[in-house]
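Beneath this line is the structure, given in structure tokens, with notes to follow.
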2 protein chains.
Amino acid sequence: MERTTAQRKAIHTVLEEAGRPMSPPEIFEAARSIAPGLGMATVYRTIKRMLDDGVLAAVELPGEAPRYERAGLGHHHHFRCNDCNKVFDLTGCASAFDKCLPKGFALESHEIFLFGRCETCATG
Amino acid sequence: MERTTAQRKAIHTVLEEAGRPMSPPEIFEAARSIAPGLGMATVYRTIKRMLDDGVLAAVELPGEAPRYERAGLGHHHHFRCNDCNKVFDLTGCASAFDKCLPKGFALESHEIFLFGRCETCATG
DNA sequence: ATCTCTGCAAATGTTTTGCATCAGC
DNA sequence: GCTGATGCAAAACATTTGCAGAGAT
């Protein structure tokens with residue numbers, strides 16, 4: 001059975017209060033100040049556990065280490081600041097990219113990635 | 001001054017003939033059969049050099065190691081096969097995603113990423 | 001008391017770097 | 001011959017795992 005420990009509560013709290021996707025080192029730093037002595041291995045193990053439990057969702061940006069945020073936010077996309085490198089959630093967006101940015105945010109570029117099956121694998 | 005070596009020619013050839021973005025291990029395998037004894041370090045060093053020279057462009061998919069392709073292909077997006085994991089170039093695409101897929105390719109999902117500056121960094 | 005969770009340290013996998021040697025110019 | 005490029009091995013860096021001991025139930 002799953003146990004409630006100070007470390008897990010700290011990690012939970014950090015992710016809950018951030019309201020944006022965070023990287024493992026970010027989570028580690030923030031949670032360490034709540035639960036001193038916390039180890040990096042525990043952060044990774046807890047993230048993996050929370051992913052399996054469907055509590056967390058991975059946010060993977062091209063060319064960057066994955067970040068994690070609360071699951072169950074519905075379909076949405078993300079915005080990364082080129083200065084501070086933080087990642088923010090966007091809502092209700094489809095293709096009018098600049099329309100869905102929070103006020104004050106400046107759009108500089110976008111990437112679109114498609115996934116599926118190539119001809120060889122689709123027919124095989 | 002830059003020198004023309006068998007190793008560089010091999011790596012060049014491999015990337016030229018592939019016509020799709022390749023990962024360092026893929027490049028290593030393919031180039032090794034042209035230039036036996038080739039080392040992984042040389043592959044990475046040559047990739048970096050070619051990036052600096054503007055000969056190569058990085059293709060970074062979310063959650064995956066970067067691939068590389070010839071630079072100067074103009075703005076385009078990419079398609080990764082969920083079966084064989086190969087990445088292909090797409091052309092002339094904007095937002096009618098399924099319209100721009102090569103014949104026989106099946107679209108399963110897409111990701112959109114926006115980049116720019118958040119309010120804090122834009123006004124700072 | 002049991003059995004999970006934790007921290008540490010060692011292992012892993014990938015990319016980078018140091019260095020002596022090799023080869024293009 | 002000079003100087004940049006190479007291969008190997010070691011280093012760096014991020015993530016994972018083994019293990020003995022701490023802590024939740």
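Note that these values count all heavy atoms, side chains included, but never hydrogens, waters or copies made by symmetry.
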Could you grab the distance from atom CG of A:Leu38 to atom CD of A:Glu29, nearest 0.5 Å is fine? 10.0 Å
Measuring from atom CG of A:Leu73 to atom CG of A:Asp89, what distance do you get when rounded to the nearest 0.5 angstrom? 6.0 Å
Should we say atom CZ of A:Arg70 is surrounded by more than 12 heavy atoms from elsewhere, each under 6.0 Å from it? no
Among the candidates [options], find the nucleotide nearest to the side-chain atoms of [X].
X       : options               : value
B:Leu38 : D:dC2, D:dG7, C:dG7   : D:dG7
B:Arg3  : C:dG24, D:dT6, D:dA24 : C:dG24
B:Ala41 : C:dC5, D:dA5, D:dA9   : D:dA9

Using whole Å, what does the distance between atom [atom2] of nucleotide [N] and atom [atom1] of [X] come to?
X       : N      : atom1 : atom2 : value
B:His12 : D:dA5  : NE2   : P     : 14 Å
B:Ile11 : D:dA5  : CD1   : P     : 12 Å
B:Glu2  : C:dG24 : CD    : P     : 15 Å
A:Gln7  : D:dA22 : CD    : C1'   : 10 Å
B:Phe28 : C:dT16 : CZ    : P     : 15 Å

For DNA chain D, which residues of residues 45-53 of chain B approach it to below 4.0 angstrom with any heavy atom? B:Arg45, B:Arg49
